[in-house]
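First the structure, in the form of C-alpha cells, and then the observations on it.
In what follows, chains carry the letters A, B, and so on, assigned in the order in which the sequence lines appear, proteins first and then strands, with residues in each chain numbered from 1.
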Amino acid sequence: MATGISYPWSVVLALLYVYLLVMIYVLSDRCSVCKWLSGRTSCLISIGAAFLGSLMLGLVGGDAIPDSLWFTLILLFLSTTIGLNAIRDIHHFRSARKGAALAHLGIFLILIVGIFGKGDKQVAYLMAQKDVTTATAVTSDGTRVTLPFMLTLKDFVMEEYEMSHTPKKYMSTVHLSDGKRGMRTVEIEVNHPARVGSWRLYQYKYDLSRGEDSPVSVFECVRDPWYCLAAPALWIILLSGAVVLFTAGSKKKRV
Amino acid sequence: MSWSLFLWFAAVAALFWTVAAVLAFTSRKPVLPAYVSLGGSAVFFAFIIGMWVLLKRPPMRTLGETRLWYSFFLSVTGAVIYLRYRYKWVLPFSSMMAVMFVCINLFKPEIHTKALMPALQSPWFVPHVIVYMFAYAVLGVVTLLALYLWAKNSKEPAGEKDLNICDNLVRIGWGFLTLGMVMGALWAKQAWGDYWTWDPKETWAAVTWLGYMFYLHSRPRIKNPVLSFVILTLCFLMLQMCWYGVNYLPSAQGSSLHVY
C-alpha cells in the first residue's frame with residue numbers, strides 16, 4: 001500500500017499523521033477513543049498484533065506480507081500507540097523514564113520512515129564495463145534510470161583466501177563525476193559504499209565466470225532520502241537500549 | 001591453540017563451574033563461589049582469545065563459535081547475578097547451561113575454519129555478535145528463573161520481589177537485544193544499502209524483541225504471575241528460532257542473508 005505514495009505526498013501525509021496524533025493527544029481528556037488509544041490496553045493490543053504479524057511473516061516468509069495492507073495497518077496502529085506515548089513522554093518529561101522515552105521516540109520515527117517513506121526509495125543496478133563511461137542504470141523491473149552522475153570503471157580486483165579459495169575482497173576503482181564536484185577517483189568495496197550527492201553506490205556483483213579478470217562490475221545504486229530521518233532514529237533507539245540496560249534495577253518504575 | 005585443545009580448556013572451566021555450584025550451597029564465604037565460577041570463565045575466555053589469534057578473525061562466524069561466547073557469557077552472567085542478588089540456585093543453573101553448550105560443541109561441532117567473507121569484514125561485526133550473545137545469555141538466565149519460580153509457585157506463590165528481578169533482567173536483555181538489532185541495521189545499510197528488509201533472521205529478531213517488549217508493558221496489568229512466566233518462556237522459544245531455528249526453517253531457505 002505505502003509503496004504507492006511518493007514525494008511530495010509522502011511527506012504531506014506523514015506530517016498530517018503526526019499532526020493528527022498531537023490532536024488525539026490533546027483531546028485524550030475529552031474523547032474516549034483518544035483516551036483509549038493512548039492507554040495501556042491499546043498499547044498491549046498493538047504490540048501483540050505486531051508480534052503476531054511478524055510471527056506469521058517469520059513462518060510463511062516471502063516479500064508479499066511486508067507490502068500488504070494488513071501488515072501496514074498493524075504497523076500504523078503500533079506507531080500510533082507508540083507515537084502518543086512519545087508525545088506524552090516529551091510533554092511530561094521525567095528523568096527516571098528517559099530510557100523508555102528515547103525508545104518510544106526512536107521507534108516512532110523509524111516506523112514513520114518505514115510506513116510513509118517506502119515509496120521514495122530508488123534502487124537501480126549499474127553495470128559498468130572497463131573504461132566505458134555511463135550514467136544509465138536499470139531497476140529490478142527493467143526500467144532504465146538516468147543517474148545524475150557519470151561512472152567509469154577503471155579497475156576491478158578480487159582477492160581470495162589462499163587456503164580455502166573463498167572470496168576475501170571485491171573492490172572496484174571508479175571515476176565519478178557530477179556537475180558539482182567534477183571528476184574524482186573512488187574505491188568501492190563491500191561494506192564501503194561510495195556517496196555521490198544523494199546516491200550511494202554499493203559493490204554488488206562481477207562477472208562470475210571471469211572472476212578476478214572480470215571486465216565488468218555491477219553497482220547497486222540506492223537513493224533513500226528518508227534515511228536522513230532513519231539514521232537519527234536508529235541512533236536514538238541504540239541510545240535507548242543502552243540507557244534501559246544501564247538504568248535497569250536502579251529504581252522501581254513503570255514501563 | 002586449536003579446536004583439539006578445546007576439550008582440555010572446557011574440562012578445566014567446567015570443573016571450576018561445577019565446584020562453584022557446589023560451593024554456593026556449602027561455602028561459608030558467600031563471595032567465594034562467584035570467584036571460582038569467574039575463574040572458570042577466565043580459563044574459557046583464554047581459549048576464545050587463543051582461537052581469535054589462531055583464526056586471525058573473531059571466532060563468531062559459525063554456530064559452534066557463537067556457542068563459545070554463549071557459554072562464556074552464561075557463566076559470567078550467573079556469577080554477576082549471584083554476587084548481586086545472592087541467589088544460591090543461580091550458579092548451579094548457569095554452570096549447567098554453560099557446560100551443556102560446551103557439550104553440544106564437543107558432540108556436534110559444526111566448526112568450519114571458513115575465512116571471513118567480505119560482507120562480514122566490518123567494525124560492526126564484533127559488537128553486533130557479542131551484544132546479541134550477551135542478550136541471549138541474560139534472557140536464558142531469566143527464563144530459568146521464571147521456570148524455577150513457576151515450579152514452586154503452587155507451594156510458595158511468587159512475590160513482587162521475585163517478579164521485579166525478572167523485570168530487571170528482561171530490561172537488561174531487551175537493552176542488549178536493542179543494541180544488537182540497531183548495530184545490525186546500521187551495518188546492513190553500509191553493506192547492502194538497506195537497514196531493514198524483513199530478512200527471515202531480522203523478522204525473528206523483531207518477533208523476539210516485540211515479545212519481550214510485550215512482557216515489560218504487560219506487567220502492570222497481569223495479576224497472575226504464572227501468565228508472566230508463560231510469556232517469558234514463549235519469548236525464549238522465539239529467541240531460539242531467531243538464533244538457530246531460522247537455519248532450518250523452510251521459508252528462510254535461500255532468502256536469508258544470515259544462513260550460515
Quiz prompt | Asp63(A) atom CG, over 12 foreign heavy atoms within 6.0 Å | solution = no
Exercise. Show your reasoning for whether side-chain contact (heavy atoms from CB on, under 4.5 Å) applies to Val244(A) and Thr178(B).
Key: CA-CA 10 Å; Val244(A) 165; Thr178(B) 307; over 6 Å; no
Quiz item: After noting the C-alpha distance and the side-chain angles of Ile47(A) and Tyr215(B), does the key distance pass the side-chain contact (heavy atoms from CB on, under 4.5 Å) rule?
Solution: CA-CA 10 Å; Ile47(A) 301 176; Tyr215(B) 168 83; over 6 Å; no
Quiz item: Counting distance only, does the side-chain N/O of Arg40(A) pair as donor-acceptor with the main-chain N or O of His217(B) below 3.5 Å?
Solution: yes
Self-check item: Proximity breakdown for Trp174(B) and chain A, heavy-atom pairs closer than 4.5 Å
Solution: side chain
Quiz item: At a heavy-atom separation under 4.5 Å, does Phe51(A) approach chain B through its side chain, its backbone, both, or neither?
Solution: both
Self-check item: Proximity of Trp192(B) and Tyr204(A) rings by center, below 6.0 Å
Solution: no
Quiz prompt | Under 4.5 Å from any heavy atom of chain A - which part of Tyr195(B) | solution = side chain
Practice problem: Measure the acute angle between the ring planes of Trp198(B) and Phe71(A), then classify it against the limits of 30° and 60° as parallel, tilted or perpendicular. | Solution: perpendicular
Self-check item: Region of Leu59(A) that comes under 4.5 Å of a non-hydrogen atom in chain B
Solution: both
Quiz prompt | Approximate separation, where rounding is to 0.5 Å, of Asn168(B) CG and Leu245(A) CG | solution = 11.5 Å
Quiz item: How many angstroms lie between atom CE of Met213(B) and atom CG of Leu78(A), to the nearest 0.5 angstrom?
Solution: 6.0 Å
Exercise. Any chance you could lay out the side-chain contact (heavy atoms from CB on, under 4.5 Å) test for Trp235(A) and Val182(B), step after step, and finish with the verdict?
Key: CA-CA 8 Å; Trp235(A) 284 98; Val182(B) 177; over 6 Å; no
Quiz item: To the nearest 0.5 Å, how far apart are CG in Leu57(A) and OG1 in Thr203(B)?
Solution: 4.0 Å
Quiz item: Is it the side chain or the backbone of Asp167(B) that comes within 4.5 Å of chain A heavy atoms, both, or neither?
Solution: neither
Exercise. Mark yes when over 12 heavy atoms from residues, nucleotides or ligands other than Met171(A) sit less than 6.0 Å from its CE; otherwise mark no.
Key: yes
Self-check item: Max heavy-atom pair count under 4.5 Å with chain A, selected residue of Ala185(B), Ala119(B), Ala206(B)
Solution: Ala119(B)
Quiz item: Can Trp187(B) and Asn191(A) be counted as having a side-chain donor-acceptor contact under 3.5 angstrom?
Solution: yes
Self-check item: Considering all heavy atoms, the nearest Pro167(A)-Pro118(B) contact
Solution: O-CD, 3.5 Å
Exercise. Report yes or no: do Thr41(A) and Arg221(B) form a side-chain donor-acceptor pair below 3.5 Å?
Key: yes
Exercise. Could you tell me whether the side chain of Leu179(B) reaches within less than 4.5 Å of the side chain of Leu238(A), counting heavy atoms only?
Key: yes
Self-check item: Met238(B), part contacting chain A, at a heavy-atom distance under 4.5 Å
Solution: side chain
Self-check item: Contact leader toward chain A among Gln190(B), Arg219(B), Met181(B), Met183(B), where contacts are heavy-atom pairs under 4.5 Å
Solution: Gln190(B)
Quiz item: Are the side chain of Gln121(B) and the backbone of Lys169(A) linked by a donor-acceptor contact shorter than 3.5 Å?
Solution: no
Quiz prompt | Toward chain B, the part of Ile236(A) with a non-hydrogen atom under 4.5 Å | solution = neither
Quiz item: What option among Ala191(B), Gly173(B), Gly211(B) has the most heavy-atom pairs under 4.5 Å with chain A?
Solution: Ala191(B)
Exercise. Please answer whether the main-chain N or O of Lys189(B) pairs with a side-chain N or O of Tyr227(A) as donor and acceptor at a distance below 3.5 Å.
Key: no
Quiz prompt | Asp194(B) vs Val222(A) side-chain heavy atoms within contact, under 4.5 Å | solution = no
